[in-house]
Amino acid sequence: MKDEAQGAIRAVGLRATRQRVALLAALLASPKPVSAEALAKRLDGELDLTTAYRALAELTQADLADRIVLPEGPALYEAMRPHHHHLVCRLCGRLEDVSMCLPSTLTSQVLAKSDFASVEDHSLEFFGLCMKCAKKR
Ligand SMILES: [Zn+2]
Ligand SMILES: [Zn+2]
Ligand SMILES: [Zn+2]
């Protein structure tokens with residue numbers, strides 16, 4: 001994982017600092033999105049929370065990581081995989097990947113009615129109840 005992380009960071013023109021490599025390797029190794037706190041804890045001793053937040057912001061900026069903002073609790077981070085969205089359970093926080101995307105006509109319609117020259121990216125999460133939580137109601 002460390003080699004993969006190091007290569008990915010260099011490929012986008014960032015310096016492969018020890019902290020960035022450790023964080024990205026941890027994200028690549030994680031099957032689920034994780035909070036900055038959990039990452040800092042997992043990398044105990046390698047970096048503190050402030051450094052983790054700064055390095056995660058840099059990785060997100062460089063499109064190596066995704067930042068998922070939830071209605072409650074801390075933002076979660078995941079390694080950039082193919083572009084995708086999320087279904088999030090409002091009660092238990094269960095998170096599911098959604099591989100479908102917005103129709104491209106929506107982007108052109110949004111753009112046509114705006115003062116923007118281009119749309120480069122978007123984020124989209126769906127909030128609701130997972131099956132388990134829906135049954136408990
Ligand atoms: Zn749920
Ligand atoms: Zn995801
Ligand atoms: Zn999309």
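Start at 1 and go down the list; that is how both ligands and their atoms are numbered.
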Q) Which heavy atom of Leu27 sits nearest a heavy atom of Ala65, and at what distance? A) CD1-CB, 3.8 Å

Q: Test side chain to side chain contact (heavy atoms under 4.5 Å, CB included) on Leu49 and Leu39 and set out the steps.
A: CA-CA 9 Å; Leu49 192 54; Leu39 279 168; over 6 Å; no

Q.
Just verifying a value: how many Å separate Arg42 CZ and Glu37 CD, rounded to the nearest 0.5 Å?
A. 12.5 Å

Q.
Grouping I, L, V, M, F, W and Y whenever their side-chain heavy atoms are under 4.5 Å apart, do Ile9 and Tyr53 come out in a common cluster?
A. yes

Q. Around the Zn ion (ligand 1), what protein N, O or S atoms are found below 2.8 Å?
A. Cys89 SG, Cys92 SG, Cys130 SG, Cys133 SG

Q. For the residue pair Leu124 and Leu102, what are the closest heavy atoms and their distance?
A. CD2-CD2, 3.5 Å

Q.
Nearest N/O/S atom of Asp97 with respect to the Zn ion (ligand 2), by atom name, please.
A. OD1

Q. To the nearest 10 degrees, how large is the angle at the Zn ion (ligand 2) between Glu78 OE2 and His86 NE2?
A. 90°

Q) Is it true that Arg94 and Glu96 make a salt bridge, defined as a side-chain N closer than 4.0 Å to a carboxylate O? A) yes

**Q.** Nearest-0.5 Å distance, NE2 of residue His122 to OG1 of residue Thr107
**A.** 6.5 Å

Q: Would you name the heavy atoms of Thr51 and Gln19 that are closest together and state the gap between them?
A: CG2-CG, 3.8 Å

Q. Hey, which protein N/O/S atoms does the Zn ion (ligand 3) have under 2.8 Å?
A. His83 NE2, His85 NE2, Cys101 SG, His122 NE2

Q | Closest non-hydrogen atom pair, Ala16 against Gln6 | A | CB-CG, 3.8 Å

Q: Taking the side chain as every heavy atom from C-beta outward, state whether Val98 and His86 have any pair of such atoms under 4.5 Å apart.
A: no

